Asker: 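Dropping a structure here in structure tokens format, bear with me for questions.
Keep in mind the model is a prediction, meaning the values are calculated, not measured. Residue numbers start from 1 in every chain, and the chains themselves are labelled A, B, ... in the order their sequence lines are given, proteins ahead of strands.
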Protein chains: 2
Amino acid sequence: MVVPMNEILGKRAGRKRRRMQRVTMQSVAERAQVSPSTVSLFLRRPEAVTAATGRAINDAIEELGYVPNLVAGGLAAAASRAVSIIVPSVRNAFFAETVAAMQLELGKERLQVMLGHSEYSDREEENLVRTALSWAPSAIVLTGQSHSVGTRKILAGGSTPVVEIWELGGQSIDMTIGFSHEKVGRTAAEYLTGRGRRRLAFLGARMQEDRRANTRAEGFEQAAREAGAARVEIVGNPARAGVELGGVLLRQALDQFPDLDAIACSNDHIALGVLFECQRRGISVPTDIAVVGFGDLDFAASCIPTLTTIRPPGDLIGTEAARVIIKHVQGDRSDSHCVIDTGFRLIERQSA
Amino acid sequence: MVVPMNEILGKRAGRKRRRMQRVTMQSVAERAQVSPSTVSLFLRRPEAVTAATGRAINDAIEELGYVPNLVAGGLAAAASRAVSIIVPSVRNAFFAETVAAMQLELGKERLQVMLGHSEYSDREEENLVRTALSWAPSAIVLTGQSHSVGTRKILAGGSTPVVEIWELGGQSIDMTIGFSHEKVGRTAAEYLTGRGRRRLAFLGARMQEDRRANTRAEGFEQAAREAGAARVEIVGNPARAGVELGGVLLRQALDQFPDLDAIACSNDHIALGVLFECQRRGISVPTDIAVVGFGDLDFAASCIPTLTTIRPPGDLIGTEAARVIIKHVQGDRSDSHCVIDTGFRLIERQSA
DNA sequence: TTGAAAGCGCTAACAC
DNA sequence: GTGTTAGCGCTTTCAA
């Protein structure tokens with residue numbers, strides 16, 4: 001019986017593929033004279049293969065210039081080596097630091113960072129989470145603990161590990177790494193009242209969207225009252241946080257409450273703007289008004305006067321998040337539902 | 001002849017899968033009483049399906065809570081809806097702005113941003129490119145035009161579109177979007193000499209790694225000489241760019257060349273440090289020394305004196321990059337090997 | 001306009 | 001330690 005050639009070869013030859021991968025695991029296997037599964041095994045656990053086999057495979061990979069297809073791998077393994085990170089914005093130096101630190105650590109384990117920006121919108125965050133899930137990521141990292149109902153539902157139902165970062169004290173979905181923003185506010189207030197200040201204000205930007213800044217403000221107000229401050233005001237502005245806004249906010253504050261002797265800012269950009277505005281108005285810092293920031297950004301140590309501020313450990317949050325994710329990927333589930341308090345540090349400088 | 005049931009069902013029932021996707025396209029198809037390929041078609045081109053069919057599919061998706069699996073899609077289509085962006089670091093506000101802008105635009109087309117940090121290392125960049133390719137991305141975005149030989153070889157051979165951003169005038173791999181850093185340097189020098197300054201210095205950080213800062217310095221030096229400056233110095237420091245370094249660099253510069261009357265900085269952080277150091281030393285800006293920055297960062301408009309600086313269009317670079325990538329994904333190859341000069345703008349303020 | 005069929009390149013259970 | 005095998009969930013011809 002004669003079998004037509006094209007039937008032996010299969011129909012494949014007759015089909016055109018759009019872009020065939022030049023070098024597949026199959027071709028590496030052929031060249032190394034082993035089976036594909038051995039190549040796969042070697043790639044994932046080199047020690048599980050004899051030295052000779054390993055060498056042969058390595059040579060084949062080298063000679064062929066093989067690049068593994070992680071998309072195919074992700075499909076077969078039902079979980080891709082991707083980690084989805086969703087932050088309000090990477091333009092914010094805080095989150096940029098965390099994202100950079102995470103990428104560094106995850107990259108060492110060949111985990112790919114996928115980035116999304118919620119722009120402080122819970123609705124947008126939910127969309128991003130939905131899309132993220134489409135990639136079957138090894139983990140999803142969310143900023144903060146306030147999410148839409150939909151987000152919680154989607155994430156609670158699934159089996160994807162979730163890490164919430166930069167906030168503590170709320171309702172956790174799964175793992176949580178951050179610090180208490182309420183305590184940050186309290187710390188600023190206690191520091192200021194402890195140095196004899198009695199008429200305090202907290203200056204913040206877009207506090208409706210930025211729940212964390214809002215929490216800091218609340219902690220600040222409460223602690224200041226407890227310490228017997230004569231005046232505690234919260235001055236907000238819906239504009240985006242920035243140096244310029246610092247000046248605006250100080251003006252706003254002093255127009256209403258000219259007797260203020262201490263200012264806490266929702267971040268260092270605003271504090272710097274306050275410092276500049278004080279300089280323009282001839283207000284002496286810290287003699288007339290003490291200023292405390294949040295962030296310990298680049299300029300805090302060099303501005304005039306140098307800025308007393310609270311430093312959140314953005315990089316530590318990133319490395320810790322990466323650590324628990326890597327453990328999870330490696331099969332160690334012991335960190336499930338962990339809560340890691342990274343703390344923060346008050347950096348005393350000249351401005352307060 | 002009796003066929004055993006398990007043979008009819010296939011061995012599948014006997015195998016345990018690790019994590020089965022609850023809702024697949026298959027299940028949507030069954031519910032909507034159509035074939036999977038129709039669902040697929042509808043998802044990608046809704047108009048290619050009758051209104052009734054579309055409605056049925058939509059309902060099924062809704063009822064089942066279907067989330068498409070982009071990993072499977074990427075494998076089948078031989079190109080994933082991922083775009084790999086490799087920047088030196090997202091901690092750098094310039095690149096953060098570009099990445100944020102790109103993510104915003106790409107997200108609208110359901111393209112996922114994958115992020116990598118080269119930390120200004122060509123070797124690391126090459127590793128990241130290799131990994132990126134493993135994901136069969138729709139495009140790869142690289143920062144600058146100086147890459148390792150290996151990077152060029154890998155990318156030139158493949159069919160993945162490449163966009164180089166933030167630099168112009170070098171050897172392009174494929175598409176290029178940015179501006180001339182040499183011109184930036186020239187512009188600063190011409191502005192300064194045009195205002196009568198004769199003894200100029202360029203202050204820069206880690207200029208070995210940061211080729212673009214180096215190019216700005218070269219353009220600056222050349223243009224200053226052409227304009228007949230009495231002195232043109234380039235003062236570098238291997239430390240990371242930062243406000244503190246600005247002060248250090250100014251000290252370095254004035255120790256060697258006390259008669260300087262103009263300073264250009266490789267970025268605004270350094271310029272701000274220079275401003276602070278001048279204030280500390282009682283040097284009047286711009287009377288004694290004129291200062292020009294690069295970046296137009298947040299504080300440039302509010303510091304004292306406000307900072308004359310050159311603003312690179314970080315967001316425009318991002319949106320343009322996204323635009324050409326989206327066009328490419330949609331099959332329009334007309335932008336291949338395009339070179340887009342986004343230009344930059346000198347922002348005149350008080351410091352010069 | 002819709003459906004059937006054939007993979008995409010890899011992983012992992014299982015057998016040897 | 002290595003190979004066999006059966007998919008992972010989707011896209012895309014091609015035919016109807």
Side-chain angles (χ1 to χ4, degrees), chain A residues 6-7 9-30 32-54 56-57 64 66-81 133-136 331, chain B residues 6-7 9-30 32-54 56-57 66-81 133-136:
Chain A
N6 65 350
E7 214 164 274
L9 293 174
K11 279 191 177 170
R12 174 138 179 226
R15 289 171 158 275
K16 43 185 158 170
R17 310 303 311 174
R18 293 123 295 163
R19 187 219 293 187
M20 61 224 125
Q21 179 148 332
R22 299 163 307 278
V23 185
T24 64
M25 186 176 278
Q26 171 75 43
S27 49
V28 171
E30 278 162 16
Q33 315 246 47
V34 295
S35 77
S37 59
T38 304
V39 177
S40 173
L41 186 62
F42 170 75
L43 252 25
R44 279 166 301 114
R45 299 197 289 115
E47 74 284 1
V49 139
T50 53
T53 310
I57 295 175
L64 262 30
Y66 171 64
V67 177
N69 184 330
L70 291 175
V71 180
L75 178 59
S80 70
R81 292 190 74 80
L133 252 14
S134 298
W135 285 93
Chain B
N6 64 352
E7 214 164 273
L9 293 173
K11 279 191 176 173
R12 175 138 178 226
R15 287 173 159 278
K16 43 183 159 171
R17 309 304 310 176
R18 290 125 296 161
R19 186 219 293 186
M20 60 226 124
Q21 180 148 332
R22 298 165 307 278
V23 184
T24 65
M25 187 176 276
Q26 170 74 44
S27 48
V28 172
E30 278 162 16
Q33 314 247 47
V34 295
S35 75
S37 55
T38 304
V39 177
S40 174
L41 184 63
F42 170 73
L43 251 25
R44 276 166 303 111
R45 299 197 289 114
E47 75 282 2
V49 139
T50 54
T53 310
I57 295 175
Y66 171 64
V67 176
N69 184 329
L70 291 176
V71 179
L75 178 59
S80 70
R81 293 190 75 80
L133 252 13
S134 297
W135 285 93

Asker: Could you give the CG-to-C1' distance, from A:Asn69 to D:dC10, as a whole number of Å?
Answerer: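 Answer to the nearest Å: 14 Å.
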Asker: Run the numbers on A:Asn69 and A:Thr24 for side chain to side chain contact (heavy atoms under 4.5 Å, CB included), then give the verdict.
Answerer: CA-CA 8 Å; A:Asn69 184 330; A:Thr24 64; over 6 Å; no
Asker: Given atom CG of A:Leu70 and atom P of C:dC8, what is their separation to the nearest angstrom?
Answerer: 18 Å
Asker: Round to the nearest Å and state the distance from A:Glu47 atom CD to D:dT2 atom C1'.
Answerer: 15 Å
Asker: To the nearest Å, give me how far apart CG (A:Leu133) and C1' (D:dG9) are.
Answerer: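 Answer to the nearest Å: 15 Å.
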Asker: Of the nucleotides C:dA12, C:dA4, D:dT2, which has the atom closest to the B:Ser35 side chain?
Answerer: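 Ranking C:dA12, C:dA4, D:dT2 by closest atom to the B:Ser35 side chain puts C:dA4 first.
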Asker: After noting the C-alpha distance and the side-chain angles of B:Val28 and B:Val23, does the key distance pass the side chain to side chain contact (heavy atoms under 4.5 Å, CB included) rule?
Answerer: CA-CA 7 Å; B:Val28 172; B:Val23 184; 4.2 Å; yes
Asker: For A:Val34, which contact category applies under a 4.0 Å heavy-atom criterion: base, sugar-phosphate, or nothing?
Answerer: sugar-phosphate
Asker: Quick check for you: to the nearest 0.5 Å, what is the distance between A:Ile57 atom CD1 and A:Met25 atom CE?
Answerer: 9.0 Å
Asker: Taking 4.0 Å as the cut-off, does a side-chain nitrogen or oxygen of B:Ser40 come that near to OP1 or OP2 on D:dT12?
Answerer: no
Asker: Rounded to whole angstrom units, what separation is found between the CZ atom of A:Phe42 and the P atom of D:dG3?
Answerer: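 In whole Å, D:dG3 P and A:Phe42 CZ are 14 Å from each other.
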Asker: Does D:dT2 have OP1 or OP2 sitting under 4.0 Å from an N or O in the side chain of A:Thr38?
Answerer: no
Asker: So A:Leu41, base contact, sugar-phosphate only, or nothing? Heavy-atom distance under 4.0 Å.
Answerer: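 Base contact - A:Leu41 has a heavy atom under 4.0 Å of at least one base atom.
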Asker: Closer to the 5' end of DNA chain C via nearest nucleotide, is it A:Pro36 or B:Gln33?
Answerer: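 Taking each residue's closest nucleotide, the earlier one in sequence belongs to B:Gln33.
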Asker: Using only side-chain N and O atoms of B:Thr50, determine if any of them is under 4.0 Å from OP1 or OP2 of C:dT2.
Answerer: yes
Asker: Send over the distance from B:Leu75 CG to C:dA6 P, rounded to a whole Å.
Answerer: 18 Å
Asker: Can you tell me if B:Arg44 touches the phosphate of D:dT12, counting only side-chain N or O atoms and a distance under 4.0 Å to OP1 or OP2?
Answerer: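 For B:Arg44, the contact criterion (side-chain N or O under 4.0 Å from OP1 or OP2 of D:dT12) is met.
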Asker: Which whole-number value in Å describes the distance from B:Gln26 CD to C:dA4 P?
Answerer: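 Atom-to-atom, B:Gln26 to C:dA4, this comes out as 10 Å.
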Asker: In whole Å, I'd like the distance from the CE atom of A:Met25 to the P atom of C:dC8.
Answerer: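 For the pair A:Met25 CE and C:dC8 P, the rounded distance is 15 Å.
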Asker: What nucleotide among C:dA12, C:dC10, D:dC10 has an atom nearest to a side-chain atom of A:Tyr66?
Answerer: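 Within the option list, the nearest is C:dC10.
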Asker: Taking the side chain from A:Ser80 and the backbone from A:Trp135, do they hold a donor-acceptor pair closer than 3.5 Å?
Answerer: yes
Asker: Taking atom types as they are modelled, is there a donor-acceptor pair under 3.5 Å from the base of D:dT4 to the side chain of A:Ser37?
Answerer: yes
Asker: Assuming nearest nucleotide by heavy-atom distance, tell me which of A:Leu43 and B:Ala72 is located more 5' along DNA chain C.
Answerer: B:Ala72
Asker: Between B:Ala136 and B:Ala78, what is the shortest heavy-atom contact and its length?
Answerer: CB-O, 4.4 Å
